[in-house]
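Here is the structure we will look at.
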Amino acid sequence: MSLTQEDLQQIEAIFDRKLSPVLGELEALRNDVKEIYGMIAKLEKNSVRIDESFRNLSVKEQILQLNAAVVALAQKEGIVLPR
């Protein structure tokens, strides 16, 4: 028994009806994953990284460097820090 062209068209229509919602959901998930990766990349870009050389400094030197960074950032943003 062989399938006719009409049989094949009916089978294709059934697959299309069943697959269309799934394909739509798959596309939505794909877009969500891209957005999440973008958010992670942005967070990593803006995150503070403490390298090994900083960790090896004395606590006093770490505080002085952090203070200098905060003062520079405040000046850049036009923020007046309390004394």
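What you see is a predicted model; the values in this text were computed from it and never measured. FYI, the numbering just counts along the sequence from 1. Reckoned from all heavy atoms, side chains included, excluding hydrogens, waters and symmetry mates.
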Open item on the list: Applying side-chain hydrogen bond (donor to acceptor under 3.5 Å, both in side chains) as the test, list every pair that has at least one member in residues 11-29; sequence neighbours left out.
Closed with: E27-R30

TODO: Using the side-chain hydrogen bond (donor to acceptor under 3.5 Å, both in side chains) rule, collect all pairs that involve residues 54-83, keeping only residues at least two apart or in two chains.
DONE: none

To the closest 0.5 Å, what do you measure between [atom1] ([X]) and [atom2] ([Y])?
X   : Y   : atom1 : atom2 : result
L57 : L66 : CG    : CG    : 9.5 Å
L29 : I36 : CG    : CD1   : 9.5 Å
L8  : Q10 : CG    : CD    : 9.5 Å

Please list, chain by chain and in numerical order, all residues satisfying side chain to side chain contact (heavy atoms under 4.5 Å, CB included) with [X], sequence neighbours excluded.
X   : answer
I11 : L3, F15
A74 : I79, L81
L43 : none

Task: Side-chain cluster (under 4.5 Å, hydrophobic types only) that Y37 belongs to, other residues - done: V33

